[in-house]
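Notes follow once the structure below has been shown.
A, B, ... follow the sequence lines: proteins, then strands. Residue 1 opens every chain.
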Amino acid sequence: MVSRLPWSVMNPNAESPAGAPVEDVRRAVVEWYRGSARDLPWRAPQRTPWGVLVSEIMLQQTPVVRVLPVWQRWLQRWPTPSDLAAASPADVVREWGRLGYPRRALRLHAAAQCIRDEHGGRVPRDHAELLALPGIGAYTAAAVAVFAFGQRHTVVDTNIRRVEARLFSGRALPARSLTAAETALADSLLPEDVAGSVAWNQAVMELGALVCMARSPRCGECPVRDSCAWLAAGSPPPEETPRGQAWHGTDRQVRGAIMAVLRSAVDPVPEPLLLTDLTGSEALAQGHGAPPAVVVAELTALWRLPAPPEQRRRALTGLLADGLAAADDAGVSLPG
DNA sequence: CAAACGTGGGA
DNA sequence: TTCCCAAGTTT
């Protein structure tokens, strides 16, 4: 068992690639955190597990500055999971505003109902139970267990992956997908004591967000720059650049336009009106040319999760062929 | 495992 | 203007 663990666990006095003992690196990062951490509301002493959970969902692929105001309003309107569970999907999506990936709002809503119905209205503390909630994956389950409940779990997010890739592997950026080696490294770095592990998780993540950034890292401000394998190697460029996300001319773009129209609506939106509004949008001027991308499955499922890919593809094909007329039998409305 | 999924600000 | 990227999850 122990013999199979990574070097740093086998030998606490082991050194990082650039020479500093792992213990020193951990202490330096945590110390830096104490003096440089942002004062975020979901870290405040009066935070609640529910507030932490909401923040983690909102922060997925979304900058802190944009989450802040939405999080405040959200917690004020729905202070507990049961409060959100009782809301209508339409209200939930509207309150989500323009955070993006609105399906997160719907999944959070579903998670709230699950918490109300199966966990007595309390956010579960157990990692496995958190993982079972809609919209909560490996990262978020660990994050809530750690940041809301103070447990010892290895948190691995994009910041932590990047910091550890640079510090210990000498690479500018981690691989596209999480590797077993990365997980093993992160596990091996986690302090044994609970309090120390929580602090380490939080500190490394913050370091990645404020100093060891993806674009222009501020190595001059880094508390462990002298131990960084990447810096020592001359800060070599990334080996493979990440793929961009398709947007123009895709139904994803049209989905965004649809969301914009429906978000601003107070009453149900008749489809003809929706199409009229969309006609003037940039989305339809790109790619398709007609209002086509108003995919049937998207129309009927706007406030739910997307329909199966095959169904969407078929619907899109049909609309492209028949144009506006074909969309007539697809109703658009806001539930509740 | 790759692709899909929203949005907006900075380089 | 175009491209990159931000505390990921799901299929």
Problem set entry | Donor + acceptor pair across side chains of A:Ser169, A:Glu164 (<3.5 Å) | no
For this session: Figure out the CG/C1' separation between A:Leu53 and C:dA7, and round it to whole Å.
Result: 13 Å
Exercise. What does A:Trp42 touch in the nucleic acid at a heavy-atom separation under 4.0 angstrom: a base, only the sugar-phosphate, or nothing?
Worked result: base
Exercise. Using the C1' atom in both, what is the distance from C:dT9 to B:dC1, to the nearest Å?
Worked result: 14 Å
For this session: Report which part of the nucleic acid A:Ala214 touches: base, sugar-phosphate, or nothing (heavy-atom distance under 4.0 Å, all strands).
Result: sugar-phosphate
Seminar exercise, completed: On DNA chain B, more 5' by nearest nucleotide between A:Arg215 and A:Arg104 is A:Arg104
Seminar exercise, completed: To the nearest angstrom, the CG-C1' distance between A:Leu173 and C:dC3 comes to 15 Å
Exercise. Is the closest basic N to carboxylate O distance between A:Glu31 and A:Arg34 below 4.0 Å?
Worked result: no
For this session: Could you tell me whether A:Leu178 contacts a base, only the sugar-phosphate backbone, or nothing, with contacts defined as non-hydrogen atoms closer than 4.0 Å?
Result: nothing
Problem set entry | Flag if over 12 foreign heavy atoms under 6.0 Å of CZ, A:Arg77 | yes
For this session: List the steps, then state whether ring pair (Phe, Tyr, Trp, His ring centres under 6.0 Å) holds for A:Trp50 with A:Trp78.
Result: CA-CA 10 Å; A:Trp50 171 238; A:Trp78 299 303; 9.0 Å; no
Seminar exercise, completed: Ranking A:Ser177 and A:Arg66 by the position along DNA chain B of their nearest nucleotide, the one closer to 5' is A:Ser177
For this session: Quick one: which residue pairs count as a salt bridge (Lys or Arg N to Asp or Glu O under 4.0 Å) with a foot in residues 146-156 of chain A, not counting sequence neighbours?
Result: A:Arg152-A:Glu192
Exercise. If you look at every strand shown and take non-hydrogen atoms under 4.0 Å, does A:Arg43 touch a base, only sugar-phosphate, or nothing?
Worked result: base
Problem set entry | Protein-nucleotide distance (A:Leu99, atom CG; B:dC5, atom P), rounded to Å | 19 Å
Every protein N/O within reach of nucleotides 8-10 of chain C N/O, cut-off under 3.5 Å:
from: C:dG8; atom 1: OP2; to: A:Gln61; atom 2: N; distance (Å): 3.1
from: C:dG8; atom 1: OP2; to: A:Gln61; atom 2: NE2; distance (Å): 3.0
from: C:dG8; atom 1: O3'; to: A:Thr140; atom 2: OG1; distance (Å): 3.4
from: C:dG8; atom 1: N7; to: A:Gln61; atom 2: NE2; distance (Å): 3.2
from: C:dT9; atom 1: OP1; to: A:Gly137; atom 2: N; distance (Å): 2.7
from: C:dT9; atom 1: OP1; to: A:Gly137; atom 2: O; distance (Å): 3.3
from: C:dT9; atom 1: OP1; to: A:Thr140; atom 2: N; distance (Å): 3.0
from: C:dT9; atom 1: OP1; to: A:Thr140; atom 2: OG1; distance (Å): 2.8
from: C:dT9; atom 1: OP2; to: A:Tyr139; atom 2: N; distance (Å): 3.3
from: C:dT10; atom 1: OP1; to: A:Gly135; atom 2: N; distance (Å): 2.8

For this session: Check the pair A:Thr62 / A:Tyr101 against side-chain contact (heavy atoms from CB on, under 4.5 Å), numbers first and verdict last.
Result: CA-CA 9 Å; A:Thr62 309; A:Tyr101 291 147; 5.5 Å; no
Exercise. Which residues, ordered by chain and number, are linked to A:Met213 in its hydrophobic cluster, where ILVMFWY side chains connect at heavy-atom gaps below 4.5 Å, directly or through other members?
Worked result: none
Exercise. If we take the P atom in both C:dA7 and B:dA4, what is their distance in whole Å?
Worked result: 23 Å
For this session: Mind calculating the distance between CG (A:Leu68) and C1' (C:dA7) to the nearest angstrom?
Result: 13 Å
